[in-house]
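Letters A, B, ... are given to chains in the order of the sequence lines, protein chains preceding strands, and every chain is numbered from 1.
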Number of protein chains: 2
Amino acid sequence: MSNSKKYTLAIVDDHLLFASSLEKLINTFPEFQVLYKARHGLELQTEIKNNGTLPDLILLDINMPVMNGFETVAWLTENHPKIKVLALSVEDNEGIILKMIRGGAKGYFLKDIHPDDLKFALVEVMDKGYYYSERVTSTMVNALQPGAKEPMVKLRENELTFLQLACSEMTYKEIADVMNLSPKTIDGYRQELFNKLGIKNRVGLVIYALKNHLIEL
Amino acid sequence: MSNSKKYTLAIVDDHLLFASSLEKLINTFPEFQVLYKARHGLELQTEIKNNGTLPDLILLDINMPVMNGFETVAWLTENHPKIKVLALSVEDNEGIILKMIRGGAKGYFLKDIHPDDLKFALVEVMDKGYYYSERVTSTMVNALQPGAKEPMVKLRENELTFLQLACSEMTYKEIADVMNLSPKTIDGYRQELFNKLGIKNRVGLVIYALKNHLIEL
DNA sequence: TTGGCCTACAGGATTTTTCCTGTTTTTTGA
DNA sequence: TCAAAAAACAGGAAAAATCCTGTAGGCCAA
């Protein structure tokens, strides 16, 4: 690892207290220095445009207002592929991990990580280009197992819209009106989702949507 | 404020990275020093018992495994009433704020607070005994308005149990079996809850339970 | 003791959800 | 351009959810 110059990084997290605290912590690592912080992807974009220098590394929260982690990592991969992105989340969810890695993140870890491990992860990412914990590795292996199963459920645009509307107090008929479709079509979506997701009733839909962050409370 | 001696404090939060970072931040405040950290209420209890000295102040997260913020503040108020407790949460929810304050917390703030404001809050709490932000104050005023309304919906034991079971894929008949009651009684609970909570169907129940932390995902 | 109140429970009707199968329309790929 | 695949839609029926009103039994207070 280079000792000549500190690696610079940016922190993107809407929890100001966490971001500021983390900045303090990271600045105690001799190899790293926080360049700037942002509350969400959009703020990061303007920060990058205004501030002449790019960070070597970005610590990216996933749950954020305005522009979340998924959108942000997509934008970064598109516009600044050289910047390493480490995703940071409170949630240990396979779907989310895969989504971020597919989006271009070079690593993923939970907010309950030990500071020493964080430091190790930062060093790894700069040295080797990536850092994957055991948890993330096993998730990826599972996802790539061809024989086993394809747990990745793909929802069509309309199915997603229906699912989100089903998480309200609307009846299916009302949903059909909103979506400008026949109630029978809506019933088709419902049936299809029940099969795909392995659930039995509308409550199952709500639970699924919540667990997979397809809706917000 | 006393300059002779630093105030000591403990941090209780299951997110190790956040807790450690916050420790670093707070230790830069000349008036304060972090005595120890714990991942949840239970760990705090053993820490307090083992470690001879009590902290002056505890920063307490609400969402934690094993023993959450509500249980912890209740225990602290019961066993160590002299310790000031500041609740710390990601969620801006009136019900939660009131629950913590009723439990004995001397203040409440969100994790997106600015570090300077945190410092101010810490100082306030030690000097004046409490710190309430505008947000918290307005919440309390609302809650105490006698004429306006009583938004605090009280759920009976059975109603709560039913509500929680209703947030699953069980049918009402199955719920009746589990609770050893007639399906008609369950229907009565349902009707009563719909009226009390102003909702129209079972999805409304799920949403309500989630928003009020009556169930976990 | 009696009347009021509360909880559990019922009857019975209506609406909504859920299920199964089949048809028409649209889109897509060779 | 034509056939196959996908999407939208329908009929019909059973199951579950929702709604409304009413009753029986326990408890408590005047």
Handout entry: Contacts of B:Y130 that satisfy ring-ring contact (aromatic ring centres under 6.0 Å, His included) - sequence neighbours left out
Key = B:Y132

Completion exercise
By ring-ring contact (aromatic ring centres under 6.0 Å, His included), B:F194 pairs with (sequence neighbours left out) none

Handout entry: Donor on one side chain, acceptor on other, A:N158 and A:Y189, under 3.5 Å
Key = yes

Fill in the blank from the handout: Residues in residues 169-178 of chain A with a heavy atom under 4.0 Å of DNA chain C, by number, are A:T171, A:Y172

Practice task
Under 4.0 Å from any atom of DNA chain C, heavy atoms only: list the residues of residues 156-167 of chain B that qualify, in numerical order.
Solution key: B:R156, B:N158

Problem - Terminal contacting nucleotides, 5' and 3', DNA chain D versus chain A (heavy atom, 4.0 Å) - result: D:dA7 to D:dG12

Exercise for the section: Identify, residue by residue, the members of residues 180-205 of chain A with a heavy atom below 4.0 Å from DNA chain D, and return them in order of residue number, or none. Expected result: A:L181, A:S182, A:K184, A:T185, A:Y189

Exercise for the section: Compute the angle between the rotation axes at the two ends of the helix from C:dT1-D:dA30 to C:dA30-D:dT1, each taken over five pairs, rounded to 10 degrees. Expected result: 30°

Handout entry: Pair listing, salt bridge (Lys or Arg N to Asp or Glu O under 4.0 Å) test, anchored in residues 54-66 of chain B, at least two apart
Key = B:D61-B:K111

Problem - Residue pairs fulfilling salt bridge (Lys or Arg N to Asp or Glu O under 4.0 Å) with at least one residue in residues 35-47 of chain A, sequence neighbours excluded - result: A:E23-A:K37

Check: residues 197-209 of chain A side-chain donor-acceptor pairs under 3.5 Å, at least two apart:
from: A:N201; atom 1: OD1; to: A:V203; atom 2: N; distance (Å): 3.2
from: A:N201; atom 1: OD1; to: A:G204; atom 2: N; distance (Å): 3.2
from: A:N201; atom 1: ND2; to: B:E169; atom 2: O; distance (Å): 3.1
from: A:R202; atom 1: NE; to: A:A166; atom 2: O; distance (Å): 2.9
from: A:R202; atom 1: NH1; to: A:M170; atom 2: O; distance (Å): 2.9
from: A:R202; atom 1: NH2; to: A:A166; atom 2: O; distance (Å): 3.0
from: A:R202; atom 1: NH2; to: A:S168; atom 2: O; distance (Å): 2.8
from: A:R202; atom 1: NH2; to: A:M170; atom 2: O; distance (Å): 2.6

Practice task
Return yes if some donor-acceptor pair links the side-chain N/O of B:K106 with the main-chain N/O of B:G104 below 3.5 Å, else return no.
Solution key: yes

Handout entry: Under 3.5 Å: donor-acceptor pair, side chain of B:S20, backbone of B:L17
Key = no

Handout entry: Full working for salt bridge (Lys or Arg N to Asp or Glu O under 4.0 Å) between A:K184 and A:D187
Key = CA-CA 5 Å; A:K184 284 299 182 181; A:D187 190 53; 5.1 Å; no

Practice task
Could you check whether the rings of B:F120 and B:Y131 sit parallel, tilted or perpendicular, using 30° and 60° as the cut-offs?
Solution key: perpendicular

Problem - Interatomic spacing from OG1 in B:T185 to CG in B:N180 - rounded to 0.5 Å - result: 11.0 Å

Practice task
Test A:E159 against every option in A:K154, A:K196, A:R190 by the salt bridge (charged side-chain N to carboxylate O under 4.0 Å, His left out) rule and name the one that passes.
Solution key: A:K196

Practice task
Look at atom NZ of A:K211 and say whether more than 12 heavy atoms of other residues, nucleotides or ligands are closer to it than 6.0 Å.
Solution key: no

Completion exercise
Residues passing the salt bridge (charged side-chain N to carboxylate O under 4.0 Å, His left out) test with B:K173, sequence neighbours excluded, are B:D177

Practice task
With sequence neighbours excluded, give me every side chain to side chain donor-acceptor pair (under 3.5 Å) pair touching residues 62-77 of chain B.
Solution key: B:W75-B:N79

